[in-house]
Number of protein chains: 2
Amino acid sequence: MDKKIATIQDVARVAGVSTATVSRTLSKPTVVAAATREAVLNAVAETGYRINATASNLRRQRTGSVIVLLPNIANPFFAQILAGLSSILTPAKYGMLIADTQSGPDPDERLVHYLTSGQADGLILLDGSLSPDALKIPGRPPIVMACEWMGSDLPSVRVENGRGAAMAVGHFAQLGHRSVGHVTGPRGNVLAESRLEGFRSALTSLGLPLRHDWILEGDFSMDSGAAAANAWLAMEDRPTALFFASDEMAVGFMGVVQRAGYSVPEDVSIVGFDNIEIVQHLSPALTTIRQPRTQIGIRAAELLLRMIETGTLTGPSDLIEIEFIRRGSACPPPVGE
Amino acid sequence: MDKKIATIQDVARVAGVSTATVSRTLSKPTVVAAATREAVLNAVAETGYRINATASNLRRQRTGSVIVLLPNIANPFFAQILAGLSSILTPAKYGMLIADTQSGPDPDERLVHYLTSGQADGLILLDGSLSPDALKIPGRPPIVMACEWMGSDLPSVRVENGRGAAMAVGHFAQLGHRSVGHVTGPRGNVLAESRLEGFRSALTSLGLPLRHDWILEGDFSMDSGAAAANAWLAMEDRPTALFFASDEMAVGFMGVVQRAGYSVPEDVSIVGFDNIEIVQHLSPALTTIRQPRTQIGIRAAELLLRMIETGTLTGPSDLIEIEFIRRGSACPPPVGE
DNA sequence: AACGCGTATGTAATCGTTTGCAAAGAAAGG
DNA sequence: CCTTTCTTTGCAAACGATTACATACGCGTT
């Protein structure tokens, strides 16, 4: 009954070699003679030796893990990005540490904490509303943004948010809508801002009216979509089409208006953003802008690994194509309006 | 420009004390004299010292992180459990390492790998379909199951799956349904099995017919719910009520039948399981069984931390209350059927 | 003066690897 | 037979913290 776990010393003793040779056999097998190598591998099997990651990391001055900082784990939107990240990090022998900025008191402070704590070889940021000041920290590990970030030149993987908004507005215009509204993401969030900006400029370039009372503030959540629905129901002069900065808000909206006896898209056309899995199963299925979330995760992880490997803090930014997905939640506006 | 990060040695030098004193000041401040403590803290501030977790962990023979093993990160169901876990682990200074069993080739092998690799002080399992053999490993870290597991006596946090199913069936019976079907989770998954079992025994104890062709196999996903809908539509003799082993399947089902021109609940009553956030925003809002997922995560994390702290491999099992949530997706069966 | 005791600090070993350097031996060339 | 070069291995010093043990000092007691 071997209660204690074997160390490299034990393996060395069993194999009749030095610890150095064991270490080399495991890390660069080509430099040791074939016979020795075999002896060592046998000893490893016999003792059930597993390399102690902590000791290895200490000696090699690395941690073997990257931290993913996101605003809210419970948001399914991030879950798929995580899946993409994991699919790259795991095979590369990096652990994926998850931390959410919301759970603590001050999000920015959390960021600084992780930047300085040396707990990770790299960071991936999924939160679009963190302060850029944190970047000044000397000796910080490489960071990759997996979304846009205000005026920062951090390496990033992002998505054409503005163009997505323009696609939505263009679709409405093509269907004949002239009164188009927008439900935004939280103020201060870059994703929200750039979608709003895209919405605005698309409206003006298409010669459609831009009405402030048709721009409703949301926070990406379903509840805020439901709130927007109530606001919409209470309006005197309603827009016939609404572009939502997130699918979740569109879902919340649809639930309320449908239960109020209105029909989507006959009474109001809507387009979401993200293409979360569920929206294709709704009735009507939601027309939306697809963000390839797994892809975003994969690219971000690859980029970060490259930076860690080469030891640079800068890197290219990657722009990922989005796609307009036409389903059943938008149609021409009701006649006579 | 201090490129290099300060070590405990630097702090000791600046403060004019030994490294031992610095370490003690930081870990148990009461044992050092007030004046020394202040000097050390000043030195810490001056040098910008951050404790090196890797070195600390090596010396203390721990890792400071726990691994969460789940079947599929992208499943929003787990996201909230993760949030609960995180809310406990983070304040307790434990990192949360996420790994999914699906991404690799052999899930069981992954489990064994993490069990033996010594990368974590503890494990939390969210996958209901892993082999119990893995537990035999000597010297393994403590494990907590956050769901049921076949015939294992691992400490766990679980939910009254069988009772949930019985609640759903009871509700249907009370409304007057006599033909009740079930869409299951994936075969071999414990959650799925116990809900199915609960469904079966509830039917018989209520004297309702148990028909095999009314039990459809799903896999918890929306797509499988949609498939079940097509199967239902194709039936000669349809059940008037369906209990789903997951909300997601119920959503998939509802989408298909609604687009096929049927109405929920007038044509078919449905009840889901989980109470995922979205279902209250659907129309009709889904009647379901609520599992307090954040709560599950919290309890599991607390249990695991206690086990780590006391160094035991066994612990109590925690049963979390579920709740029947009546919304709008079930009503009395259509007359004349 | 000797002793005991408590408090505060320092010394140095230790955790388990990795790796620069040196040494040993073999092969090759003159 | 003496260099030179190459391959293979071992020695021992890191990596940066924690902590058992030793030491030093102050102060009260006998």
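Heavy-atom basis, side chains included; hydrogens, waters and symmetry copies ignored. Here is how names work: the chains are called A, B, and so on, in the same order as the sequence lines, proteins then strands, and each is numbered from 1. Every value quoted in this text rests on a predicted model; they were computed, and no experiment measured them.
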Nucleotide N/O to protein N/O under 3.5 Å, stretch nucleotides 20-25 of chain D:
none

Discussion item. Given the ring of Y94(B), does R62(B) sit roughly above its face, with NZ or CZ under 6.0 Å from the centre of the six-membered ring and within 45° of the axis?
Written reply: yes

Worksheet item: Base, sugar-phosphate alone, or nothing: which one does S23(A) contact when heavy atoms must sit under 4.0 Å apart?
Response: base

Worksheet item: Side chains of S56(B) and R60(B): donor-acceptor distance under 3.5 Å anywhere?
Response: yes

Worksheet entry | No-hydrogen, no-angle side-chain donor-acceptor test under 3.5 Å, N57(A) and T63(A) | no

Worksheet item: Roughly how many Å is it from CG in L26(A) to C1' in dT17(C), rounded to a whole number?
Response: 11 Å

Worksheet item: What's the CZ-C1' distance between R50(A) and dT17(C), to the nearest Å?
Response: 15 Å

Worksheet item: Phosphate oxygens OP1/OP2 of dT9(C): is one of them under 4.0 Å from a side-chain N or O of T36(B)?
Response: yes

Worksheet item: When the distance from CD of Q9(B) to P of dA14(D) is rounded to whole Å, what number comes out?
Response: 12 Å

Worksheet item: Whole Å only: how far is the CZ atom of R13(B) from the P atom of dG16(D)?
Response: 12 Å

Discussion item. Restricting to non-hydrogen atoms, name the atom on A39(A) and the atom on A15(A) that form the minimum distance, rounded to 0.1 Å.
Written reply: O-CB, 4.0 Å

Practice prompt. Determine the contact category for S27(B): base if any of its heavy atoms lies under 4.0 Å from a base atom, sugar-phosphate if only primed atoms, P, OP1 or OP2 are that close, otherwise nothing.
Written response: nothing

Fill in: DNA chain D-proximal residues of residues 51-64 of chain A, any heavy atom under 4.0 Å
L58(A), R59(A), Q61(A)

Item to complete: Taking T21(B) for its side chain and V17(B) for its backbone only, find out whether a donor-acceptor pair lies under 3.5 Å.
Response: no

Practice prompt. Could you tell me whether the side chains of T116(B) and R50(A) share a donor-acceptor contact shorter than 3.5 Å?
Written response: yes

Worksheet item: OP1 or OP2 of dC11(D) sitting under 4.0 Å from any side-chain N/O of S18(A)?
Response: no

Discussion item. With a 3.5 Å distance limit and no angle check, can you tell me whether D100(A) reaches the backbone of P71(A) through a side-chain donor-acceptor pair?
Written reply: no

Worksheet item: More 5' along DNA chain D: K28(B) or V31(A), using each one's nearest nucleotide?
Response: V31(A)

Worksheet item: Which pair of non-hydrogen atoms, one from P316(A) and one from P155(A), has the smallest distance, and what is that distance?
Response: O-CB, 3.9 Å

Discussion item. Main chain of G64(A), side chain of D121(A): is a donor-acceptor contact present, judged purely on distance under 3.5 Å?
Written reply: yes

Worksheet item: Counting only side-chain N and O atoms of T21(A), is one of them less than 4.0 Å from OP1 or OP2 of dG10(D)?
Response: yes

